[in-house]
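Just below is one structure, and these are the notes that go with it.
Note: hydrogens, waters and symmetry copies are ignored here, and every other heavy atom, side chains too, is used. Quick note: residue numbers are just sequence positions, from 1.
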Amino acid sequence: MLRFFRQIRQRLLTDNKFSKYLLYAIGEILLVVIGILIALQIDNWNENRQKAKEEHEILKQIEQDLVESRTQFADLKHLNELLLKSGRFILEHLDSKAPITDSLLYYIQLTLVQEDFNPVDTGYTAMLNSGSSELKNDSLRVQLSYYFEDILKMVKIRNDKLLAIQWDHLEPFMLTHFKVEKIESEESEYYDQMVTVPRDYNELTFDDTYANILHLKNGRLELNILRLTQTQESLEQLIEEVRTEINQTKEPLSKRLW
């Protein structure tokens with residue numbers, strides 16, 4: 001092909017047809033420029049296609065993280081509700097000076113349950129590390145940033161404050177005022193089991209320290225439950241936003257580029 005064009009150019013020069021040669025030269029230059037532009041456009045198209053593919057995969061990972069967070073929040077909220085119920089039951093039971101029952105023993109065991117919160121942010125972290133943090137959807141990018149960098153941190157902080165009450169107040173008190181022993185009463189559902197029981201139940205009913213710790217913990221639980229409920233509502237909306245964006249990134253690239 002190049003040889004063919006060279007032959008034409010040489011023939012024009014030999015025949016002394018300069019004006020035609022000039023037009024030919026301009027046309028040849030235009031062809032080269034058009035070829036370069038087409039090559040650049042194809043390269044740009046391939047690059048955008050790759051970026052779109054990466055964004056789609058990251059959004060899918062983020063969706064998985066959000067769904068896992070949904071389960072985390074549900075489990076954490078359920079546990080907090082059980083702990084709040086146990087605290088309220090123990091306070092009412094001690095206040096009434098009622099004798100020890102299996103229900104009281106059950107809720108005392110339950111107060112010892114605790115759960116740490118570890119945020120799930122694999123997809124978001126991958127997005128930041130890959131340098132693809134600039135999602136095409138500006139609104140979604142802002143929402144994801146707020147969720148992963150603010151909301152999750154606040155859930156972690158609130159849960160840590162609950163654990164601090166457990167570690168710094170409740171457990172030290174129970175180490176000195178409770179013991180683990182085998183239940184010998186055959187009438188108890190805990191018969192022949194090792195259970196945490198008060199060392200001196202009568203003294204415990206008049207001990208304001210234990211009641212104050214439970215009141216402190218209940219207050220924190222009530223706040224955590226309220227905030228978790230609000231977080232769950234926001235999370236559901238965010239999941240829908242991400243799924244909508246995932247479906248849009250499934251469209252042919254040409255539709256989204258032009």
Give the cluster check for [X] versus [Y]: same hydrophobic cluster or not, with ILVMFWY residues linked at side-chain heavy-atom distances below 4.5 Å.
X	Y	answer
Ile151	Leu128	yes
Val120	Leu76	no
Tyr106	Val195	yes
Leu163	Leu221	no
Phe73	Leu226	no

Apply side chain to side chain contact (heavy atoms under 4.5 Å, CB included) to the pair Val197 and Ile108, showing each step before the final yes or no. CA-CA 8 Å; Val197 299; Ile108 288 176; over 6 Å; no
Please determine which of Asn218, Leu110, Leu204, Leu214 meets the side-chain contact (heavy atoms from CB on, under 4.5 Å) test together with Ile90.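 Among the candidates, only Leu214 passes.
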Is there a donor-acceptor contact under 3.5 Å from the side chain of [X] to the main chain of [Y]?
X	Y	result
Ser86	Leu83	yes
His93	Arg88	no
Ser188	Glu184	no
Asn159	Asn224	no
Thr125	Thr122	no
Asn212	Asp208	yes
Gln109	Thr196	yes
Asp95	Leu91	no
Gln61	Glu57	no

Kindly indicate whether the side chain of [X], heavy atoms from C-beta on, has any atom under 4.5 Å from the side chain of [Y].
X	Y	answer
Tyr124	Glu149	yes
Thr231	Val155	yes
Met154	Arg227	no
Leu66	Leu235	yes
Asp75	Thr71	yes
Ile246	His56	yes
Asp102	Ile183	no
Asn118	Lys156	yes

So, are Asp138 and Arg141 salt-bridged, with charged N and O less than 4.0 Å apart?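 Salt bridge flag = yes for Arg141 with Asp138.
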Show your reasoning for whether side chain to side chain contact (heavy atoms under 4.5 Å, CB included) applies to Val242 and Leu144. CA-CA 9 Å; Val242 171; Leu144 289 173; 4.1 Å; yes
For the [atom1] atom of [X] and the [atom2] atom of [Y], what is their distance to the nearest 0.5 Å?
X	Y	atom1	atom2	result
Ile62	Ile239	CD1	CD1	12.0 Å
Glu63	Glu68	CD	CD	12.5 Å
Glu233	Leu228	CD	CG	11.5 Å
Thr244	Leu59	OG1	CG	11.0 Å
Met174	Leu112	CE	CG	4.0 Å
Leu238	Arg70	CG	CZ	11.0 Å

Of all heavy-atom pairs between [X] and [Y], which one has the smallest distance, and what is that distance?
X	Y	answer
Lys217	Thr111	NZ-O, 3.1 Å
Gln166	Pro172	O-CD, 4.1 Å
Ile58	Gly123	CG2-O, 3.9 Å
Leu104	Ile100	CD2-CA, 4.1 Å
Gln114	Leu79	C-CD2, 4.4 Å
Thr205	Asn202	OG1-O, 2.5 Å

Quick one: sort the Tyr107 and Phe89 rings into parallel, tilted or perpendicular, breaks at 30° and 60°.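 If you compare the ring of Tyr107 with that of Phe89, the planes turn out tilted.
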Using 30° and 60° as the class limits, which term best fits the ring planes of Tyr210 and Phe178: parallel, tilted or perpendicular?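 Taking Phe178 first and then Tyr210, their aromatic rings sit tilted (interplane angle of 30° to 60°).
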Does Tyr201 OH have over 12 foreign heavy atoms under 6.0 Å away?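 Enclosed: over 12 neighbouring heavy atoms sit under 6.0 Å from OH of Tyr201.
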Can you tell me if NZ on Lys60 sees more than 12 non-hydrogen neighbours from other groups inside 6.0 Å?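 No, the 6.0 Å shell around NZ holds no more than 12 heavy atoms from other groups.
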side-chain hydrogen bond (donor to acceptor under 3.5 Å, both in side chains) assessment of Gln230 paired with Ser234: CA-CA 6 Å; Gln230 296 170 342; Ser234 300; over 6 Å; no
